[in-house]
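All values below were derived from every heavy atom in this structure, side-chain atoms included, with hydrogens, water molecules and symmetry-related copies excluded. Every value quoted in this text rests on a predicted model; they were computed, and no experiment measured them.
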Amino acid sequence: MAAESKVLPRSFYARGTVEVARECLGKVIVHGATAGRIVEVEAYLGLDDLAAHSSRGITERTRVLFGPPGHAYVYFIYGMYDCLNFVAEEDGTPGGILIRAVEPLSGLAIMQRRRPKARRVEDFASGPGKLALALGITRELNGADLVEGPIRVRQLRDEPRFATGCGPRIGITKCADLPLRFWVNGNRFVSR
DNA sequence: AGTTCGATCGCCT
DNA sequence: GGCGATCGAACTG
């Protein structure tokens with residue numbers, strides 16, 4: 001796969017969060033021997049988006065959301081799960097893209113070991129907590145560089161065409177009506 | 001220092 | 001569809 005794809009440059013992330021979110025669909029996350037194709041994401045906008053962690057300003061947790069683009073923001077939620085975001089926008093402007101689902105491509109046996117209760121491939125990474133487990137992504141990787149670090153995002157040279165859908169984000173109470181969730185239409189690995 | 005509640009998941013009915 | 005698990009960040013006083 002390495003010969004048929006290239007790592008996304010930092011300039012890919014240094015744009016508006018919604019634009020980057022939409023274009024993340026179809027890209028491939030590689031971590032160690034595991035890889036998955038992004039099929040569902042959500043955009044979390046800077047300070048006005050009350051559902052975004054960045055809306056309350058810079059804290060120890062949200063620091064990387066305000067930093068340079070092309071880095072991973074990994075946070076701990078519900079006492080149990082880690083979730084992966086990509087940082088967008090120019091340095092100093094917050095913007096996060098929550099990766100909600102990937103289609104497993106490589107390292108399926110490793111993913112099954114990390115997701116022992118999953119009975120089907122469709123259950124390996126069809127949710128933000130699940131995908132972090134399947135890809136082995138934890139809070140230790142918060143702040144990791146997506147261009148040169150341990151997690152990389154690649155674009156296939158012959159990325160297949162696909163239609164996308166858009167709708168409200170999942171699991172939030174504030175700003176619950178904004179259509180900031182994006183997915184690959186009809187893909188069976190989307191969380192819902 | 002104490003309380004609240006969350007960008008979830010899996011099990012139960 | 002409903003709910004319990006589980007714990008840290010953020011907010012209150």
Side-chain angles (χ1 to χ4, degrees), chain A residues 13 16-25 27 29 34 36 38-67 69 71-89 93-104 111-144 146 151 153 164-184 188-192:
Chain A
Y13 304 95
T17 307
V18 171
E19 183 181 5
V20 178
R22 272 196 297 247
E23 294 192 20
C24 279
L25 294 174
K27 304 302 185 288
I29 300 174
T34 59
I38 300 171
V39 296
E40 180 184 356
V41 299
E42 286 177 357
Y44 284 86
L45 313 181
L47 301 163
D48 299 328
D49 178 3
L50 278 305
H53 293 168
S54 54
S55 66
R56 287 180 218 82
I58 300 181
T59 66
E60 185 167 347
R61 179 175 67 153
T62 63
R63 181 171 42 80
V64 323
L65 280 172
F66 289 79
H71 290 257
Y73 167 54
V74 185
Y75 68 91
F76 185 56
I77 188 69
Y78 292 117
M80 263 176 279
Y81 301 105
D82 290 306
C83 294
L84 169 68
N85 288 247
F86 296 165
V87 176
E89 306 280 353
T93 303
I97 293 145
L98 172 68
I99 311 303
R100 284 198 58 91
V102 302
E103 173 177 345
M111 293 188 189
Q112 175 70 86
R113 213 175 308 137
R114 290 170 174 163
R115 300 269 305 122
K117 290 175 184 169
R119 298 168 49 134
R120 312 171 304 156
V121 182
E122 286 88 340
D123 300 324
F124 283 8
S126 53
K130 299 180 196 176
L131 116 220
L133 287 168
L135 294 173
I137 291 166
T138 69
R139 281 161 288 169
E140 291 178 11
L141 290 164
N142 185 40
L146 299 174
I151 307 168
V153 188
T164 63
C166 159
R169 294 173 292 184
I170 290 173
I172 57 172
T173 54
K174 302 163 197 154
C175 300
D177 296 329
L178 299 178
L180 293 176
R181 173 174 169 251
F182 305 95
W183 61 84
V184 173
R188 70 189 209 273
F189 299 93
V190 170
S191 70
R192 62 181 81 168

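With hydrogens and angles disregarded, a donor-acceptor distance shorter than 3.5 Å links the side chain of A:Ser54 to the backbone of A:Gly46. At least one donor-acceptor pair closer than 3.5 Å links the side chain of A:Gln112 to the backbone N or O of A:Arg115. Using modelled atom types, no side-chain atom of A:Arg139 and backbone atom of A:Tyr75 make a donor-acceptor pair closer than 3.5 Å.
Using a 4.0 Å cutoff to heavy atoms of chain A, the contacted part of DNA chain C runs 5' to 3' from C:dA5 to C:dC11.
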Run the side-chain contact (heavy atoms from CB on, under 4.5 Å) check on A:Val102 and A:Val39 step by step: do they pass?
CA-CA 5 Å; A:Val102 302; A:Val39 296; 5.7 Å; no

Start with the C-alpha gap between A:Tyr73 and A:His53, add the side-chain angles, then the distance that decides, and say whether side chain to side chain donor-acceptor pair (under 3.5 Å) holds.
CA-CA 11 Å; A:Tyr73 167 54; A:His53 293 168; 2.7 Å; yes

Protein-proximity profile, nucleotides 2-13 of chain B, B/S/- by nucleotide at the 4.0 Å heavy-atom cutoff, equals ----BBBSSS--

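Counting only heavy atoms from C-beta outward, the side chains of A:Phe76 and A:Tyr81 never approach each other to under 4.5 Å.
C:dG4 is paired with B:dC9 under the Watson-Crick or G-U wobble criterion, all donor-acceptor distances under 3.5 Å. With a 3.5 Å ceiling on both atom-pair distances, the Watson-Crick or G-U wobble partner of C:dC11 is B:dG2.
The pair A:Glu42-A:Arg169 does not count as a salt bridge, with every side-chain nitrogen at least 4.0 angstrom from each carboxylate oxygen.
Here A:Lys117 contributes atom NZ and A:Lys130 contributes atom NZ; the two are 12.5 Å apart, rounded to the nearest 0.5 Å.
A gap of 15 Å separates the C1' atoms of B:dC5 and C:dC3, to the nearest Å.
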